[in-house]
> 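This is the structure I have questions about; it appears just below.
Below, read A as the first sequence line, B as the second, and so on, with proteins coming before strands; counting in each chain starts at 1. Computation of the quantities below employed the complete heavy-atom set of this structure, encompassing side-chain atoms and omitting hydrogens, waters and symmetry-equivalent molecules.
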Amino acid sequence: MWMAHSSSPYGARRIALACFALLLVALFLFPSQIQGLLQYLGGPVGYAVRIPLEAIASIDAGIADRWERYVVLQGVQEENQQLRKEIEWLRGQHSQLRESAAATERLTALLHFKEQALPTMIAAQVIGRDATNRYRAIILNKGESDGIKPDMGVVTPAGVVGRVVKTTGASSVVLLVTDPNNAIAGLIQRTRDEGIVQGTQQGLAQLKYIPLLSTLRDGDRVVTSGLIGDFPRGLVIGTITSIDKQEGALFQSAELMPEVDVGRVEEVLVIQTSYGQSTKAGAGVDLIEKSVP
Amino acid sequence: MKFLFYLILVLLLVPLQTTLLPHLSVWNIKPDLGLVAAALVGLFAAELEGLLMGLAIGWVLSLFSAGELWLSLLTNGGVGLLAGFLGRQVSQVTSISLGAGLLLVSLASGLLATMSFKGSDVSQMWWMVQSIVFPQACFDGVMGAGFYWLLSRRFDLNRLRTE
């Protein structure tokens with residue numbers, strides 16, 4: 001019987017206890033060294049786990065795709081009509097913004113502003129969610145071998161998703177903007193007041209440490225300030241939905257609705273170089289998708 | 001053979017836990033299959049294998065989580081070890097007793113994780129306990145009991161355990 005107990009149970013018990021005690025002692029005495037060693041050893045394990053992980057993720061994506069294409073078709077016509085209306089409205093906005101962009105370009109050239117170099121990005125697919133319930137995180141199918149490192153910012157064209165906290169050889173873990181352990185430097189676009197964006201336990205986000213004199217209001221957009229971390233300035237984080245201003249408090253705070261629906265995100269872009277570190281200085285714009293998932 | 005089984009178990013746990021289980025989550029809570037697997041291995045294969053498998057599961061799962069490595073090692077390894085000890089002491093294990101045991105162990109590990117969260121005040125900790133830790137412990141207990149019941153339909157588990 002392959003599940004039979006060891007022939008010398010007391011010996012095995014002693015060994016097990018000794019191993020566990022040794023592990024506890026090592027974890028308490030050398031926490032960062034042990035963590036670093038196991039993280040290093042985890043690199044090759046990431047490649048091994050990636051095979052079944054990607055296989056199951058692709059099956060999962062295939063089923064979800066079939067389900068959405070053929071089964072969940074209720075209300076598609078209404079949605080289609082609404083989207084057509086939105087396209088019309090956005091076309092109008094687009095032409096206005098093109099005018100504004102052209103004007104800005106002319107003025108920038110006149111003022112000899114240095115063009116902002118956009119960062120280099122790596123495209124990646126979401127292949128899973130955090131293994132525990134305590135963190136809001138996603139798993140990407142790109143890792144160290146693709147140039148991803150901890151603390152890199154992760155975005156979609158719509159806005160900020162989160163930042164990389166862990167990597168293996170072939171995968172990486174991204175802590176979402178809605179996780180309470182995440183903190184990103186934010187800026188209210190209209191008033192230019194800065195604060196720190198942190199996730200809430202309810203799965204939303206909040207902007208903290210806003211100056212008391214700030215004239216923020218519901219509907220104001222919050223973008224990255226570009227001061228701390230690997231996010232360039234101006235990426236949308238969310239929209240203010242409510243303001244909390246308490247008597248006697250030094251700062252006010254506001255609740256945000258994240259711009260990206262992080263529960264449904266499937267593809268993301270990892271910001272590889274931070275703001276201002278792009279290589280082609282003369283080119284001005286350096287938005288390279290190094291690889292496609 | 002046994003090593004291969006354990007290897008496949010560890011490799012399959014990650015996609016199951018990170019890709020499939022989110023679809024089966026209830027109120028955004030999913031069970032911790034790693035904890036259930038460590039407990040079952042400990043119960044059937046004694047404390048040393050329970051501990052080693054718990055550590056392996058904890059380590060591999062922590063690579064795919066934003067959580068702390070030490071906590072994952074401690075909880076999964078500890079559960080494997082504890083289940084190994086209990087497996088020797090308890091003569092008759094039923095799916096209900098296993099479920100109740102897993103509920104308690106999951107509750108304890110969840111409380112430990114909650115207390116280790118940096119910067120949380122009492123109200124946040126209480127929120128985590130009632131909306132994450134307790135439902136997950138119930139879920140883990142039900143999953144463990146369900147697995148045990150399914151296995152007991154196929155094998156004579158008590159004989160297998162005492163051999």
> Would Asp130(A) and Ser65(B) count as having a side-chain donor-acceptor pair, cut-off 3.5 Å?
yes
> Between Ile139(A), Ile51(A), Ile138(A), Thr167(A), which shows the greatest number of heavy-atom pairs under 4.5 Å with chain B?
Ile139(A)
> So which part of Leu55(B) gets closer than 4.5 Å to some heavy atom of chain A, the side chain, the backbone, both or neither?
side chain
> Report the distance from atom CD1 of Ile63(A) to atom CG of Leu20(B), rounding to the nearest 0.5 Å.
8.0 Å
> Count the heavy-atom pairs under 4.5 Å between each of Asn28(B), Leu33(B), Leu81(B), Leu12(B) and chain A, then report the option with the highest count.
Leu81(B)
> Specify the closest pair of heavy atoms between Leu175(A) and Ala66(B), including all atoms of both residues, with the distance to one decimal.
CD1-CB, 3.7 Å
> Quick one: CZ on Arg134(A) to CD1 on Ile132(B), what's the gap to the nearest 0.5 Å?
8.5 Å
> Does any part of the side chain of Asn133(A), heavy atoms only, come nearer than 4.5 Å to the side chain of Gln136(B), both counted from C-beta?
yes
> Around atom CZ of Phe134(B), are there more than 12 heavy atoms from other residues, nucleotides or ligands closer than 6.0 Å?
no
> List in chain and number order the residues that pass salt bridge (Lys or Arg N to Asp or Glu O under 4.0 Å) with Arg163(A), two or more places apart in sequence or in another chain; answer none if no residue qualifies.
Asp151(A)
> When only pairs under 4.5 Å are counted, which of Trp70(B), Phe85(B), Phe64(B) shares the most heavy-atom pairs with chain A?
Phe64(B)
> With a 4.5 angstrom heavy-atom cut-off, could you sort out which part of Ile127(A) is near chain B: side chain, backbone, both or neither?
backbone
> For a 4.5 angstrom cut-off between non-hydrogen side-chain atoms, does Leu53(A) reach Thr18(B)?
yes
> Given heavy-atom pairs under 4.5 angstrom as the criterion, report whether the side chain, backbone, both or neither of Asp60(A) touches chain B.
side chain
> With a 4.5 angstrom heavy-atom cut-off, could you sort out which part of Ala131(A) is near chain B: side chain, backbone, both or neither?
both
> Given a strict heavy-atom distance threshold of 4.5 Å, which part of Ile29(B) is in contact with chain A: side chain, backbone, both, or neither?
both
> Quick check for you: among Ser72(B), Ala113(B), Pro22(B), Gly67(B), which has the greatest number of heavy-atom pairs under 4.5 Å with chain A?
Gly67(B)
> Can you tell which part of Leu7(B) gets under 4.5 Å to a heavy atom of chain A, answering side chain, backbone, both or neither?
neither
> Just one of Leu11(B), Val10(B), Leu61(B) clears the side chain to side chain contact (heavy atoms under 4.5 Å, CB included) bar with Val49(A), so which one?
Leu11(B)
> Among Leu69(B), Leu74(B), Val60(B), who wins on heavy-atom pairs under 4.5 Å with chain A?
Leu69(B)
> Looking at Gln130(B), I'd like to know if its CD atom is crowded, meaning that more than 12 non-hydrogen atoms belonging to other residues, nucleotides or ligands lie closer than 6.0 Å.
yes
> Heavy atoms only, distances under 4.5 angstrom: which of Ser62(B), Ser25(B), Gly34(B) has the most pairs with chain A? Name it, please.
Ser62(B)
> Please collect all salt bridge (Lys or Arg N to Asp or Glu O under 4.0 Å) contacts where either partner lies in residues 27-51 of chain A, sequence neighbours excluded, each pair once.
Arg50(A)-Glu54(A)
> Relative to chain B, which segment of Ser171(A) carries a heavy atom at a distance below 4.5 Å: side chain, backbone, both, or neither?
side chain
